[in-house]
Protein chains: 2
Amino acid sequence: MTFPMALAIIEDQAPIRETLNEYLCAQPEFQCVLTADSVEGFLHALPAAARPPQLILSDIGLPGLTGIQGLPLIQERLPEAQILMLSVYADAERVFQALRAGAVGYLLKNTPLAQLKEHLLQVAAGGSPMSPGVARYVVQAFAGHPVPPPMLPLESLLPETLTSREMEIVRGIEDGLSYKLIAERHHISLDTVRNHIRAVYRKLQVNSKGELMAHALKRRPH
Amino acid sequence: MTFPMALAIIEDQAPIRETLNEYLCAQPEFQCVLTADSVEGFLHALPAAARPPQLILSDIGLPGLTGIQGLPLIQERLPEAQILMLSVYADAERVFQALRAGAVGYLLKNTPLAQLKEHLLQVAAGGSPMSPGVARYVVQAFAGHPVPPPMLPLESLLPETLTSREMEIVRGIEDGLSYKLIAERHHISLDTVRNHIRAVYRKLQVNSKGELMAHALKRRPH
DNA sequence: GCAAAAACAACATCTTTATGTCATGGCGCC
DNA sequence: GGCGCCATGACATAAAGATGTTGTTTTTGC
């Protein structure tokens, strides 16, 4: 394995992306050749990269194509690359989807930077790093267990629960109202509506009204 | 009946609102005391009106509360006012909903301005103007007919049918994609997506992505 | 073949959203 | 009492969406 490894980062949230980029780039083992805020952006910027990425660290909750949906597209272009998923979700469904789609590992976003670096080195060495709670699903699945559904009490951030105020705001969105009308409906300021929406987006891992409603469309019609 | 009558107009589309306002204000029989682009806006602006409106001309396809949903709210504030609905919809369902909610008449939007004025005067005189196709529903309902469902071949604009291209675009919206991603998905320009969306909005009588998706949320989950 | 409809596209302008940053008061909890 | 979370609010900027106008090229129905 030659060093430094060519690394790419796909993460929509700018501050997180910058933090990852700055920390990992500072390591002698890695060379960040590309960062993107979406799978689409990544594929588009690929030709401009100094070297083809060997390691890709990709978020799952991305605008447009999700990280999981993007996996096959990336592998088509970069068959050699190893892709490590990063997510706030710790549910068995997503973990399996990601691994079936070809991810080599699955880390939660609360992983400290230093550990993240170690995990990336493990990947380069042929390993498959998993956050502790995540690994259990895989082990259980291999053991033939049916994966107990309420088996996810890692108090890490699964589909984080919305506060009642936040759910009221979401209801307004689902009714097709604008922020302004929601503000009037609840007698609060436009800025406050924005702040609640912001919290909802973070918790549900979406980045637009459209995605939020698509979310509702997918789960509401049971 | 004292003249001029105090008239209010609720219509979200600015050009239509302006046309109505300019034409009707120019008539000696009417004094436009208020125009609004939504029921919410109307109620908010009410205290500032020179006189309480006696006649209200309200669109049905409004952002936020629909004209029908807004009817009871308006009547609560203005028990004396007579409310005439204006719509591009000519389906029995909406007509009955509007009349049950307390509208005194139901006109289609293709009604010429001169006739509209006459209809408003009829309202003031205690009449209940209906566009020709609309009146039939009411008559049939009174006659005890079960209102034949495919009885609406007035080639006026009922829930207009979307073209297949438009449905593809809507599907993209429902998937939570941005216009840009939809354009990429179908290999067309951003402006073309906007144009299709524009046509969809007109046909479905909505004014925002949010309303469009709320529309989908309401009809999809059955 | 002609007229209507549909698909495509560009350009302007204004509004709404998305996101970053910062701040205050209330509440529950160890 | 301090810490974290919640609700509220403001200010700023950049991106996305809504809407008006206009034009070309294909379909498609009669």
Side-chain angles (χ1 to χ4, degrees), chain A residues 11-19 37-38 40-41 61-64 155 157 160-170 172-173 176-214, chain B residues 11-19 37-38 41 61-64 155 157 160-170 172-173 176-213:
Chain A
E11 161 64 52
D12 59 302
Q13 290 174 73
I16 297 182
R17 186 174 65 243
E18 288 314 308
T19 303
D37 62 2
S38 67
E40 293 87 342
L62 294 172
E155 62 247 44
L157 348 172
E160 249 180 298
T161 54
L162 301 186
T163 68
S164 57
R165 197 51 155 169
E166 285 161 358
M167 284 190 280
E168 286 174 1
I169 304 292
V170 170
I173 296 283
L177 305 182
S178 67
Y179 291 178
K180 192 194 290 188
L181 287 172
I182 293 173
E184 284 173 20
R185 178 191 272 197
H186 296 294
H187 311 293
I188 57 180
S189 86
L190 181 58
D191 278 316
T192 298
V193 175
R194 289 192 232 229
N195 282 314
H196 286 305
I197 292 287
R198 192 192 311 247
V200 170
Y201 282 10
R202 181 182 51 72
K203 290 182 180 175
L204 298 186
Q205 283 282 291
V206 297
N207 313 276
S208 74
K209 209 170 173 178
E211 286 175 70
L212 176 60
M213 297 189 77
Chain B
E11 162 63 53
D12 59 302
Q13 290 173 74
I16 297 182
R17 186 174 63 242
E18 288 314 308
T19 304
D37 62 2
S38 68
L62 294 172
E155 60 250 43
L157 346 172
E160 250 179 299
T161 55
L162 301 186
T163 68
S164 58
R165 197 50 156 169
E166 285 162 358
M167 285 189 280
E168 286 174 1
I169 304 291
V170 170
I173 297 282
L177 304 182
S178 66
Y179 290 179
K180 191 195 288 189
L181 286 173
I182 293 172
E184 284 173 21
R185 179 191 271 197
H186 295 294
H187 311 294
I188 57 180
S189 84
L190 182 57
D191 276 317
T192 298
V193 175
R194 287 183 177 150
N195 284 313
H196 285 305
I197 292 287
R198 193 194 310 249
V200 170
Y201 282 10
R202 181 182 52 73
K203 289 181 181 176
L204 299 185
Q205 282 282 291
V206 296
N207 315 279
S208 74
K209 211 171 172 176
E211 285 174 72
L212 176 59
M213 297 189 77

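Values in this document were obtained by computation on a predicted structure and should not be read as measured data. By convention in this document, chain letters (A, B, ...) are assigned in the order of the sequence lines, proteins followed by strands, and residues within each chain are numbered from 1.
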Nearest whole Å is fine: how far is dA16(D) P from Met213(B) CE? 17 Å
Could you tell me how far apart Asp12(A) (CG) and dA15(D) (C1') are, to the nearest whole angstrom? 14 Å
Which residues satisfy the side chain to side chain contact (heavy atoms under 4.5 Å, CB included) test with Glu184(B), sequence neighbours excluded? Glu40(A), Lys180(B), Leu181(B)
Nearest-angstrom distance from the residue atom CG of Asn207(A) to C1' of dT19(C): 10 Å
Between N or O atoms, less than 3.5 Å apart, protein on one side and nucleotides 4-11 of chain C on the other: list the pairs.
unit_1	atom_1	unit_2	atom_2	d
dA7(C)	OP1	Thr163(B)	OG1	3.4
dA7(C)	OP2	Thr163(B)	OG1	2.6
dC8(C)	OP1	Arg165(B)	NE	3.4
dC8(C)	OP1	Arg165(B)	NH2	2.9
dC8(C)	OP2	Arg165(B)	NE	3.0
dC8(C)	OP2	His196(B)	NE2	2.8
dA9(C)	OP2	Ser189(B)	N	2.7
dA9(C)	OP2	Thr192(B)	OG1	3.1
dA9(C)	N7	Asn195(B)	ND2	2.8
dA9(C)	N6	Asn195(B)	ND2	3.2
dA10(C)	N7	Asp191(B)	OD2	3.3
dC11(C)	N4	Asp191(B)	OD1	3.3

CZ of Arg17(B) versus P of dG20(D): gap in Å, rounded? 10 Å
Measure the distance from CD1 on Ile197(B) to P on dT16(C) and round it to the nearest whole Å. 18 Å
So, using side chain to side chain contact (heavy atoms under 4.5 Å, CB included) as the criterion, who are the partners of Asp191(B) when residues are at least two apart? Ser189(B), Arg194(B)
Which atom pair, heavy atoms only, marks the closest approach of Gly176(B) to Ser208(A)? O-OG, 4.3 Å
From CG of Leu212(A) over to C1' of dT17(C), roughly how many Å is that when rounded to an integer? 13 Å
Lys209(B) NZ - dT15(C) C1' separation (whole Å): 15 Å
Test of understanding: with side chain to side chain contact (heavy atoms under 4.5 Å, CB included), list the residues that count as partners of Thr19(B), not counting sequence neighbours. Leu113(B)
Hits for side chain to side chain contact (heavy atoms under 4.5 Å, CB included) against Arg17(B), two or more places apart or cross-chain, chain-then-number order -> Ile9(B), Glu11(B), Ala14(B), Thr35(B), Asp37(B)
Separation of atom CG in Leu177(B) from atom P in dA15(D), rounded to whole Å: 20 Å
Can you sort out the partners of Arg185(B) under salt bridge (Lys or Arg N to Asp or Glu O under 4.0 Å), two or more places apart, ordered by chain and number? Asp175(B)
